[in-house]
Structures are given as structure tokens and as C-alpha cells.
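The next block holds one structure in the form of C-alpha cells; read it before the comments.
What you see below is based on every heavy atom in this structure, not just the backbone, and it leaves out hydrogens, waters and symmetry mates. In the text below, chain A, chain B and the rest are named by the order of the sequence lines, each starting its count at 1. This one's a predicted model, so the numbers in the text were calculated from it and none came from an experiment.
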Amino acid sequence: MQEVTATSRHYVDRLFHPDPQKVLQGVIDMKNAVIGNNKQKANLIVLGAVPRLLYLLQQGLSSSELRTECVVVLGSLAMGTENNIKSLVDCHIIPALLQGLVCPDLVFIEACLRCLRTVFISPVTPVQLLYTDPTVIPHLMSLLSRSPRTQDYITQIFSHCCKSPEHQTVLFNHGAIQNIAPMLISLSYKVRMQALKCFSVLAYENTQVSMTLVNVLVDGDLLSQVFVRMLQRNLPIEMQLTAAKCLTYMCRAGAIRTDDRCIVLKTLPCLVRMCSKERLLEERVEGAETLAYLMEPDVELQRIASVTDHLVAMLADYFKYPSSVSAITDIKRLDHDLKHAHELRQAAFKLYASLGSNDEDIRKKITETENMMDRIVSGLSESSIKVRLAAVRCLHSLSRSVQQLRTSFHDHAVWKPLMKLLQNAPDEVLVMASSTLCNLLLEFSPSKEPILESGVVELLCSLTQSDSPALRVNGIWALMNMAFQADQKVKGEIVRALGTEQLFRLLSDPDTNVLMKTLGLLRNLLSTRPHIDQIMSSHGKQIMQAVTLILEGEHSIEVKEQTLCILANIADGNTAKELIMTNDDILQKIKYYMGHSNAKLQLAATFCISNLIWNEEGSCQERQDKLRELGFVDILHKLTQALDPNLCERAKTAMQHYLA
Amino acid sequence: MAELGAGSLLLGDPAFNYQEAELNERLKRLYPAVNEDETPLPRSWSPKDKYSYIGLSQNNLRVHYKGHGKNHKDAASVRATHPIPAACGIYYFEVKIVSKGLDFLSSLLPLSPIPGWDKHSYGYHGDDGHSFCSSGTGQPYGPTFTTGDVIGCCVNLINNTCFYTKNGISLGVAFTDLPPNLYPTVGLQTPGEIVDANFGQQPFVFDIEDYMSEWRAKIHGMIARFPIGERLGEWQAVLQNMVSTYLVHHGYCATATAFARATETLIQEDQTSIKNRQRIQKLVLAGRVGEAIEATQQLYPGLLEHNPNLLFMLKCRQFVEMVNGTDSEVRCFSIRSPKSQDSYPGSPSLSPRHGATNPNLHSAGKGNTPSHLPIHLPSVDSEMEIEAEHYTNGVAENPSARIMNGTYKHQEILQAQDISLEDSCASRQLCGGNQAATERMIQFGRELQGLNEQLCREYGKNVTHKKMLQDAFSLLAYSDPWNCPVGQQLDPMQRENICSALNSAILESQNLPKQPPLMLALGQATECVQLMARVRSGSCSFARVDNFLH
């Protein structure tokens, strides 16, 4: 060890020689000594070679040959371990190299770019360093035309340093598309490939870039056509996959229609092929994720994918890693399999989720795939958060099926792991899990009973207090589903656990969805006469207050309609009726809505009045008189002439009650 | 298809002919390895191999059902005129459902009522989306299909699998371990059902060529990565020997010596022998056949006497070259002084470009600029210079001429030198435009006729000879022999055949192989690929020898 350090020191010492010629020879010898020798690289860094090399590099007196050799050595050092990169970055190698790009010497520029490339593609380098000096990006753009090498390195740097919408915008604003597009038909495969990668990064979830890309011409061809040509099956997989990504991102951004031939007949089949057993594990993960993303919003694409090349069955294979064979025969392979096993599983779950998000037949096909439900159930409790999230997404997608809720969901008791998942999970997972739970709590779901017994109410009530609107919606939504046609005990439990205070807080929630579901919950709570009377007797005052507030506030038609429906339910109660009858303010409001321009609101208000005048017991005469006094009969008369047949019918029925 | 008009289906219809031409072109492109003389491709449904419930129309491409369609017993099918040749490698056809109710589609061997239900038959049924393999019970396979859908069937004869497509989307493998000799087939069962077949008449909805390109790349990759393991050295020696013998065969003396030196191998034939052959070849290729005959007789006495056929061919060529004005027997009458014997107007390297696949080049040769005439090279040691610069390492560029010399990319050079060519105009005339020369030619023709008669007496009638002689004499019937129906003979490219025949004969007489091993190997590989087609190994279609000759 001592000896090695001694020789290394000798290399460093030579960099300080007064004769520039000797220094040059020293750098060249150092270059030859470090190639492929990680130990030597580490030694030289420890001994302080980097600052000296950087000094020589920036020193105006250095010959261009010396400066180039210095950069080559630095590039070689960067090729070593991540620690090497860290040391180089700490020595401020990036600004020094970027400064070097201003030099007119192409060989030197290429050496600098090569080294910068190696530094920037490392995960330990902060990408922000590329953007600190605003002159850097425009200068790199101008260097793109210099040589195939500059094109190769610069596009690699861009691809690795474009990690956010802001980065995309910076590159876009500096003409990345116009500058890089011609490289797609370069004679060099490397350059074509790097340009393609760069576009995939630029277009990802970026509408502005995607919309620009569709109109770009390369040598007379539309860019989408160029990408389609890159999907050809005889080309390297890397190119096919990346081109498919570009087209996918353009499609998701709305730049290409989902029924375009290039998506249906080219991109989608290509991505399905990427999921096949013949592909590498990494390619299968990327293929499945991209495909899931492509068809997520489009049921037609989901239908096509579900019949393409047995995709649904093909995905089942993603769960077979590490395979039993690899464990015994090949340690290396086992290691490789293990590394990718999580990624494969989450990708498959994502793709299943996307496939099954709309079509009932596809959901059936998925659940009938070998051991599918078992796999989801075990996926829900995997250690990898990515897998858990993907599994619950998949479960959520399948839970939209009435049939599956009735059968496979119940058979496999998916609610158990789901409940467990809800106890302690990051928001992302919670949103999906609670949304799934909403579906499991639908009245026809056989899982509803056991879930109720597991004490889910407290959990859901706590969700309604979350900062995330999505969680609040899901919490209240689940409670709403739970309250639907529930018995008195459950309703009482919900009201008790939620507390009126929280209920009213939710009624003034800034999120309309939360408000709607809360009103829905109230409506479900206030159904069947005994329940109405009981709840109104204990919480009548507050509820009437809340109803008044909403009817007076600035709300959408849907919200007001829902509120009027609650009033109608209240009006259906025996004792609860009086809360309306004694409240002139509310009666005036009902009258107002009966004359509203929106037929839905008119109908709901008429329902309410109809319930009030409903004659069943003796007390109706008094109410009818009061209502007549207030002018409701005239309004009902008018409404019997209404254009809306439902409204007309309802008004007529109400009038008959009067006559009876 | 709205062509219900009476005349539209007649053979003479231009639209039909156009479709026929398109079909031929597409089939040629898709299945280049298929020899249709041996194994014709399916082009329509067979009016013979069908059930009586099946009606055919529109050039036997449209199928309609005319039975009762009450139960499965009323099902009927029709198959294509021919089975799928193995040399297709990958075969594909499509069927469009014109009128609803189609249940069955398949590719199958015997004629059975419902494709997929009988032994060795395979089908994909539209009513339930199931696939049927030699039995009445199906497996869930794909979606159902109905009116307006285009269903395709792809048979992969490399791995013996089959997949179907629906509206251009692959539905995945349906069957494995398929037997050979499958026929495209459709089966129908409901009255009013109509389907139209596309065997290549129209572009396919599914991109079959893309699928083929993947398999082509796979097979080329397999060949490129063929493991040679320990035998690397052995292979190298074989390859070096191939190159060396090829160079020697064609008399590229200097190159062969240089190659032998570099690779430390030995040349079997001695230098003088190679040089002699080279000299004779150069004479033939320069069109100086008379001198070539003389030189052969002098250097290899008895050779031509024992090969009267070869001698006759040479003499015929000599006659043609006399017409051309290139043979020395007529050249000596030329106004200009004859060129010295040593500065051969052309070396083998300057043999004309093989234009067989390039008609434009041909007509140029017969056109105004006599670009294929002997060229005087400025340099004395022309041979080496040209070799160094323009040889493409002895690999034939054009497969059609592979038994002959390699082809050289010297077009530009030829043209550049054409301009300075002094006697370019004179040579356009018969025998160089010289009266005495013409008389000599006529006389030579008579001698040739005599030789033919003599050969007939000795060896009996020879049709080839007769034809050769006729063709040669026909040249005289035209005022401009270069632009006449038999003018092809004057193309200097025609010298190569006879040159190689002479070369082979000489080598044989020296107990050396009359063909270089490289050519034998090439011929064997070509033959082998053809044999693969006959034994139904589908990969042959993507392993064509000419794919590897650049």
C-alpha cells in the first residue's frame, strides 16, 4: 500500500515541475496509469491531483495540448467510483469545465464535454449545477452543431439534467427542439439514440413541448413519423422503447389522438412487445409502466391492449421472480432477479390497474388470471412502498366492478390487508386505499359487514380531518356509503364518532367534492322516518342552520339540489316536519326555489312541499292551511303546467293531497 | 367492393391486370425465397376444394355461404389453391368479414367441415373467440369478431407457430408445433355470410413486413453469433485459403503474392503459370480473342485440340469481336498503328461493370459513348495500381456474375478516361470501318462455318453451337449492330463467360481445381438454402446468400 501511494505521489509531484514540457509528459503518464485502475484514481484524488489539474487547465499559459490532457485525466478519474465524482464536484470541476467550453479548440471542447457528461450522468451530482450560470445552456445549444461527439455528450447531459418541468422549460426556451431534431437522422446511431432519449425526457408530462414536437419537420417528415420508423422491430430494443415513450408522452399531452394509427397500430403493440418474456427485466418494467401510462385515460386503448399478444397472461409472469430455478443454479442471476423483482411486480400492478380501470370484461379477465387476487393481497403488505401503492391501485381499479366486489373481493377477504394498510401509510397510499374502501362499503358489497365490525368508523372520521382534500373526500365518501340504508346503530355511531362540529366544518369545506359527499352523508343519515325524527330531535337545530347557510351561500346547482333533497327528507319525518313548518325563513327559501329557473331545483323544492302536505295523520290540515296562506298552492298550480314532465307530475300529486 | 359490372372481372380488364401486377409484386417482396415453379403461393380460394354450400365470386376471393346453417353439420369450408410453402418463412393472409355471422377462420391441412375441429386442422372462431386445435372443444383465445373486422392469420414456419390478428392488432400465439403443408382456409355456417380474402392483392392491415424484419434480424443475428469456440484458428486458415485460391484462380498474381506474404501461406501454383493465365484472360477481356487463342495454343499445346467445344466458343467470340472492331485480326487494318503487344489495352480489372441488374448502364454502353471499349492506361504498371485502389477484395458485388470476376467500382474512372479516348468514334463502325477488315471478317465467318460443319461430322449435331453461330452472324444483318435485337453480344461484359471457361479449362489441364473453393462454398451455401426450403425449414427465407454479399 505504501508503495502504491509512493508511485502515486510521484505522479502528482511531476505536475509541479517548472518545465511545461515535463508537466505535459507527467500528465500523459498519469493518464496511462489511471485508465481502468480505481485504486490509482482514489490515490491521486487523495493526494490532491485534482486541484492541480484544474489549475493547469485554467492557467492561461498552459498549451492547449496540456489543457486537453488534463481534462482527459479528470474524465478518467470521473469514470471511477461515486466517491471520485463527489471529490471532483467538491473541487468545483463543473464551473472550470464549463468555462473551458468557451475555448475555440474543438478537441479541447470535446474533452471537456466528455468529462462533464461523465460527471452529470452520475446520480451524486446535483443537476442544478448545470443551470446556475444562465449562459451555459445557450452555449451548449450552439455547440451542438460542432461535431457528432459534441452532439452525443451534450444530449446525454441534457437527458440526465432535465428532472423537472422548470428544467424542461429552460431547455425548451433555448431551442432544444429545433437544435436536437436534426440529430434524429444523424448517421451515427449513438447520436440518434441520445437525441431520442433527450426528446423523451423533454416531452414527459409537458404539453408545451409535446404540442411543439408534433409540428416539427425533420428532412421533410413529421417528427411523429420519424419516431414511428424508430419503432421498427429489427431496430435495437432501446431505440424502439424510447421512441414508444416519446409517442406516448405526446399522446398523453394531447398532441396525438388516442385513435391515431401511430398509437393504436404502432406504439401500443410495441409497448406490449416490451412486456414479453424475451425482453430484459429492465425493459419489461419500463414497457409496462409506459403502456399503463399510455392507455390510462382511454378505454378503447385498454380494450385493444387487453387482447394484444395475451398481455394479461403475459403480465402474470412478472410475479415469478426470483424464479425457483435461479435460486439454486445461479447466484448472480438470483441477485439480478431479486433486484428487479419489486420493480417487476409494481409495474405489473400498475398495468393491471390501467387495463381494468373502465371495462368490466377486462376486470373479469384480470381477476381470472392465475392467483391474481392472492398476489394483490400479498402485494398490499409488501415491504416496498412502491409495490404496496401499485397493488392498492390495482385493487382500486378492480373494485369498480360490482361483480368482483360480490365475488373475488369477498372470497379473498381483501378488506383485511386493506384495513391494515390504512392504519399507517403515507398519504399517497392512503388516498388509493381509502378510495378502494369506499367501493367496498357499497351496500351490495358483502365485505361491508365485516368492515363495519372491524371498527372502521373512527378511522374514516380521522381521515375527514386530514389536510389532503382527496383524503377528506374519501373519508366522508366512505361514511356516506356506509350510512346508505344502514340501521340505526350504525348511523348513530357515525354521528357520534364524527361529531356535529366536524360535520359542520365539512359543510363549509372549500372543496366542493367534500361538501357534496357530506350532504350525501346527511341525506343517507336522514332516511326512513324513525331515523329522521331521531336525528332531527337531537341535532335538528344545527342541521337546519347548516341547510340555511348553504341555501344562502354561493354554491353550485348540484350542491343546492342536494341540500333541498335533505330538506325533503326532513319534511318526510313525523316530528321533524315541524322544524320546517315553524321556520318561515326556510319556507320562503323553498318557495323561491320552486320558482327557480332550474328544473332540478324546482323539482327538489316541490318534493319538499309535497312531503309537508302529505296527508296521513290528522295534523296535515293545519300545515296545508299555512302553506296555502304562504301562496304555495298558487305556485303548485303553475307548476302543473310546467314543461318538465317530472315536475309537472310531482306538482299534480301534491295538489291531489290538498284535495284529499 | 362495388365492382358488380359485367366486364369488371374479365381477364382483359385493366384494373384486374393492375391488381394482378400488384399481387405479384407484393408476393415477390414478401416471399423472395419461394420458387413458385416448385411451390406456388396461394392466390385465391380453390373452386375444387370446397363444400357445395360454399359459393365463390370475385376472382375466387369472395366466399359466401348458401347452405341452411341450422347446425354444425351444415358448416362448410373452402381452402386456398395451394398449401403455404415453407420457403415463405413467415406467411400471412387476411380475411375481411363483409357480412355478419362468420364463425370460423383457420389454416388447416385436410378439408374438414369446420376449421379446427378435425385432425390437423386449426381455427379461430368468431362467435366465441375460441381457438380450436384438432378438436371440437375450443380454448379461450381472443376477442369475438363480426362484420367489418379484418382477421389475419400468420403462420411462422421457422418456429411452427401461428397467431391471428384483428384489425391489425396481433392477438398472440394461438398454436405451436404446427405440421407442414397447411392451407389457408375459411369456414362458414350461417346463411348470408360473406368474407373476402386478401392473399396479397391489397396492402395488409397488419404490418407483416415489420414482423418479418424482426425475424430476419433474429436469424441474421444467429448466423453472426454462430459459436466457433476453439476452432477460431482453423477457421482463419480456411478463410485465408479461400481468399488466396480465389486470387490465384483469377490470376491476380501480385495481390495473391502479397496476400500470401502477409498471411504466411503458400501458393500452390507457380508464378509463371499464374502470369500466363492472367495474360490470356486479359486478352479475352480486351476483346482480342484471336491473340488469346494463339497464346493458349502456344502456352498450353493440345488444350484447345482436346476441347473443340471451347475452341468453337472462342472462335465465335472472335467473330463477334471482329464485328466490334476489337480483335487484332481486324485491328491491324485500322488507320492507327496497332498497339504494341505489351501494353494490353485492358487488364482484367478493367472488365466492364456487370450491368445485368442495371438496364440503364446497358443502354449507355450501346449508346453514343462507347464506354466499354479498351482503355489505354497512362501508367505502365497499371495492374497493381488499379488493384490497390479499386478492387473490392475479390468479393463479387453482383450475385448474377459471381462465378466470374469480382466487380469493381471503377465507373467514374472509366468515364473520366472515355473523354480522352482517341478512337472512340471509329469503333462504332463495323470492323472499325475498314473495308479490308470487313473482308477478313467475312472470310473468318466462312472458316467458322466450316469448323461448325466439321464438328457436326465428328461429334454430331450441337444445338448450342448452331444457336451461337446464328446469333453471331445475325449481327451482320443490321446496319447498326450495337443497336439491334442481338446487339447484346457486342457488350464487353459477354467476354467474361468465355474468359472464365477458358481459365477453368487451363486450370483443369494443369490438374488444378477448375473453380475456386470460395465459389464452391458460395454455390454450396446457395444450394443448401434451397434444400432447406424443400425440407420445410422456414428460416431459409431469411438466410439468403445474397443478403450476405455486398
Side-chain angles (χ1 to χ4, degrees), chain A residues 189 225 228-241 243-244 259-279 291 295 300-317 355 359-362 364-366 368-370, chain B residues 89-90 92 94 124-126 128-131 139-146 149-152 154 156 158-159 161-176 203-225 541-543 547:
Chain A
Y189 170 78
Q225 292 170 313
V228 168
R229 278 206 298 274
M230 289 176 160
L231 296 178
Q232 271 172 30
R233 294 188 186 209
N234 53 347
L235 295 174
I237 298 301
E238 186 192 25
M239 180 167 269
Q240 294 184 43
L241 184 54
D259 60 357
D260 193 296
R261 286 176 62 88
C262 80
I263 296 296
V264 177
L265 292 181
K266 291 291 174 186
T267 310
L268 185 143
C270 172
L271 288 171
V272 174
R273 289 201 300 277
M274 296 301 141
C275 300
S276 100
K277 221 172 172 175
E278 288 171 46
R279 303 275 71 88
L291 182 57
M295 64 190 179
E300 204 39 54
L301 289 181
Q302 290 158 14
R303 289 201 183 111
I304 293 169
S306 75
V307 298
T308 304
D309 285 337
H310 308 302
L311 176 65
V312 175
M314 193 161 31
L315 282 177
D317 194 69
L355 271 170
D359 188 290
E360 185 63 34
D361 288 342
I362 302 177
K364 185 163 178 282
K365 211 167 161 182
I366 293 173
E368 280 168 3
T369 310
E370 48 167 319
Chain B
I90 284 162
Y92 186 71
E94 279 178 356
Y124 166 32
H125 295 197
D128 55 7
H130 284 188
S131 66
Q139 293 283 320
Y141 167 67
T144 57
F145 51 86
T146 183
D149 285 331
V150 175
I151 302 300
C154 177
N156 184 327
I158 301 162
N159 61 8
T161 60
C162 153
F163 68 85
Y164 291 91
T165 66
K166 181 182 168 183
N167 300 325
I169 295 287
S170 160
L171 303 177
V173 170
F175 309 110
T176 56
F204 293 118
V205 179
F206 177 72
D207 192 346
I208 186 66
E209 285 172 69
D210 195 26
Y211 178 74
M212 286 173 158
S213 80
E214 184 181 353
W215 276 90
R216 190 172 297 119
K218 260 186 209 174
I219 286 171
H220 283 203
M222 242 161 76
I223 294 169
R225 284 189 302 273
S541 63
F542 299 127
N547 287 340

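The parts of Tyr141(B) that come within reach of chain A are both its backbone and its side chain, each placing non-hydrogen atoms under 4.5 angstrom from that chain. With a 4.5 Å cut-off on non-hydrogen atoms, Lys166(B) does not touch chain A at all. In this structure, chain B has a heavy atom under 4.5 Å from the side chain of Glu278(A), while its backbone stays farther away.
The number of heavy-atom neighbours closer than 6.0 Å to NZ of Lys364(A), taken from other residues, nucleotides and ligands shown, is 12 or below. Around atom CD of Gln139(B), no more than 12 heavy atoms belonging to other residues, nucleotides or ligands sit under 6.0 Å away.
For the atom pair Thr165(B) OG1 and Asp309(A) CG, the distance stands at 10.5 Å (nearest 0.5 Å).
Residue pairs that meet the salt bridge (charged side-chain N to carboxylate O under 4.0 Å, His left out) test with at least one member in residues 267-276 of chain A, sequence neighbours left out, do not exist here.
Looking at every heavy atom in both residues, Val173(B) comes nearest to His310(A) through O-NE2, 2.8 Å. When all heavy atoms are compared, the tightest approach of Pro269(A) to Ile169(B) is CG-CD1, 4.1 Å.
Classification of Asp207(B) and Arg233(A) as a salt-bridged pair fails, no side-chain N sitting under 4.0 Å from a carboxylate O.
Between chain A and the residues Ser170(B), Ala217(B), Gly221(B), the largest count of heavy-atom pairs under 4.5 Å involves Ser170(B).
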